[in-house]
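Since the structure comes first, as structure tokens, the remarks are kept for the end.
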Amino acid sequence: MCETDKIQWAERFFIHLEAAENAVVTLSLTELSQPANAEHLLITYASMLGTDDKRLAAAIFCTWYAGICGAKYALLTAAHPMARALCLSNMSVQLIRTEGFPIFSFHVHENRDDLCHKHSSGEKLLDELGLFYKNDVRPVILALAEAAQTKAVMLWKHIYNQLYTYMEEEARDAAGDSRRNLIIEQFKSMTWELEPEVFGLPVNPFRIMPKFRTDPNPPHRTISIKATCCLAYQLRADHGYCSSCPILPPE
């Protein structure tokens, strides 16, 4: 992996090939899939956020954890061999204290970017994503849901919110309308067509029809409305709701 890739992964997806030395909590993702360990992470994180609400901590953590899902999708669609490294058994989560809000880092134990990986058809790509969500993401979501005493479907929707943001960023940077439309259509296909069983739910939580509103803040662009509230407004009295919050009344 080149240095540019490392920087992009760290800044966009919070994924690192080296472990942080100053972590407050370090857990392998396999350990995180156990409710007792998930609760330890959430209690510690909530305390660092200035709250005792594990549900809030789980919601915000999932926006970080979605970085692994976003990277997996990007690497699979690019047929990058590193895609195989992003799995439950080969990664750890690290909670790091900073001068501002605490941050998370996801450490890849073994690079594995020397493995051959071929471009997959749409159906094959969907199958690979489905197995990833079922075997590598679902155990962590279930553990977080049990630890936070919240519904797993809500945590999946926090994952979706961030995945949709990644898609919007990529589409915004696309060269031309045809490329932009392809990015949007491929994202819809790779989310809507996943089977509910992949998530362990009766319905697919990613099967969401996007809704939009005009941002009340300059330059008043059209923005997408989140699938569920991120709960960040509960951290500070002066925070308020995000412009894209679904709790806000329609225009």
Side-chain angles (χ1 to χ4, degrees), residues 13-15 23-73 86-97 101-109 129-164 191 194-208 226-235 245-247:
F13 300 122
F14 325 117
I15 294 173
V24 176
V25 176
T26 296
L27 293 168
S28 71
L29 294 190
T30 300
E31 291 173 327
L32 186 60
S33 65
Q34 301 168 8
N37 291 328
E39 184 173 23
H40 170 59
L41 179 69
L42 294 179
I43 289 174
T44 307
Y45 183 42
S47 176
M48 293 169 70
L49 290 173
T51 180
D52 58 1
D53 190 341
K54 291 183 291 184
R55 177 171 162 263
L56 171 59
I60 298 177
F61 170 71
C62 281
T63 66
W64 291 87
Y65 185 58
I68 299 176
C69 303
K72 184 78 170 186
Y73 175 77
L86 304 190
C87 61
L88 189 74
S89 62
N90 193 45
M91 298 188 73
S92 294
V93 57
Q94 297 190 285
L95 173 58
I96 302 168
R97 190 185 303 277
F101 283 109
I103 64 173
F104 286 98
S105 173
F106 299 100
H107 171 222
V108 177
H109 301 166
L129 277 175
L131 288 173
F132 167 68
Y133 284 122
K134 179 179 180 180
N135 298 328
D136 299 292
V137 181
R138 192 170 93 186
V140 172
I141 294 295
L142 291 177
L144 291 168
E146 182 175 338
Q149 298 182 336
T150 190
K151 293 182 178 179
V153 64
M154 301 309 297
L155 300 184
W156 281 113
K157 288 186 177 183
H158 290 300
I159 297 285
Y160 177 88
N161 279 344
Q162 188 59 42
L163 291 178
Y164 193 89
T191 51
L194 290 165
E195 295 294 331
E197 193 273 335
V198 163
F199 306 94
L201 297 170
V203 295
N204 175 352
F206 288 179
R207 196 176 177 85
I208 295 170
K226 292 178 180 178
T228 189
C229 177
C230 68
L231 306 180
Y233 74 92
Q234 296 184 12
L235 287 178
C245 184
I247 292 179

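Sequence positions, counted from 1, serve as the residue numbers for this chain.
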Do [X] and [Y] touch side chain to side chain, with heavy atoms closer than 4.5 Å?
| X | Y | result |
| --- | --- | --- |
| I96 | P102 | no |
| T26 | V93 | no |
| F199 | F206 | yes |

Spacing of [atom1] belonging to [X] relative to [atom2] belonging to [Y], to within rounding of 0.5 Å:
| X | Y | atom1 | atom2 | result |
| --- | --- | --- | --- | --- |
| I208 | K157 | CD1 | NZ | 5.5 Å |
| L42 | Q149 | CG | CD | 11.0 Å |
| I15 | K72 | CD1 | NZ | 10.0 Å |

[X]: which residues meet the side chain to side chain donor-acceptor pair (under 3.5 Å) condition with it, sequence neighbours left out?
| X | result |
| --- | --- |
| T150 | none |
| T191 | none |
| N37 | Q34 |
| K226 | none |

For [X] and [Y], work out which heavy atoms get closest and say how close.
| X | Y | answer |
| --- | --- | --- |
| L88 | T30 | O-OG1, 3.4 Å |
| W156 | R138 | CZ2-CA, 3.8 Å |
| A71 | L86 | CB-CD1, 3.6 Å |
| S33 | P35 | O-CD, 3.8 Å |

* In terms of the angle between their ring planes, are Y164 and Y160 parallel, tilted or perpendicular, with boundaries placed at 30° and 60°? ->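 Tilted.
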* **Candidate pair F104 and F14, rule side chain to side chain contact (heavy atoms under 4.5 Å, CB included), full reasoning** => CA-CA 7 Å; F104 286 98; F14 325 117; 5.9 Å; no
Donor-acceptor contacts, no H, no angles, side chain residues 45-70, under 3.5 Å, sequence neighbours left out:
from	atom 1	to	atom 2	distance (Å)
T51	OG1	D53	N	3.1
D53	OD1	R55	N	2.9
D53	OD1	L56	N	3.2
K54	NZ	E39	OE2	2.8
K54	NZ	A147	O	3.2
T63	OG1	I60	O	2.5
Y65	OH	D136	O	3.4

* Evaluate side chain to side chain contact (heavy atoms under 4.5 Å, CB included) for V25 paired with H40, printing each intermediate quantity in order. => CA-CA 9 Å; V25 176; H40 170 59; 3.9 Å; yes
* Would you find a donor on one side and an acceptor on the other, under 3.5 Å apart, between the side chain of N204 and the backbone of E195? ->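 Side chain of N204 to backbone of E195: no pair is present.
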* Asked: Is a donor on one side and an acceptor on the other found under 3.5 Å between the side chain of Q162 and the backbone of I159?
  -> no
* Can you tell me which residue pairs pass the salt bridge (Lys or Arg N to Asp or Glu O under 4.0 Å) test with a partner in residues 140-156, sequence neighbours excluded? =>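 Sorted result for residues 140-156: empty, none.
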* Under the side chain to side chain contact (heavy atoms under 4.5 Å, CB included) criterion, do Y73 and L129 qualify, and how do the steps go? -> CA-CA 7 Å; Y73 175 77; L129 277 175; 3.7 Å; yes
* Going by atom types only, do H109 and S92 share a side-chain donor-acceptor pair under 3.5 Å? ->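 There is such a pair between these side chains.
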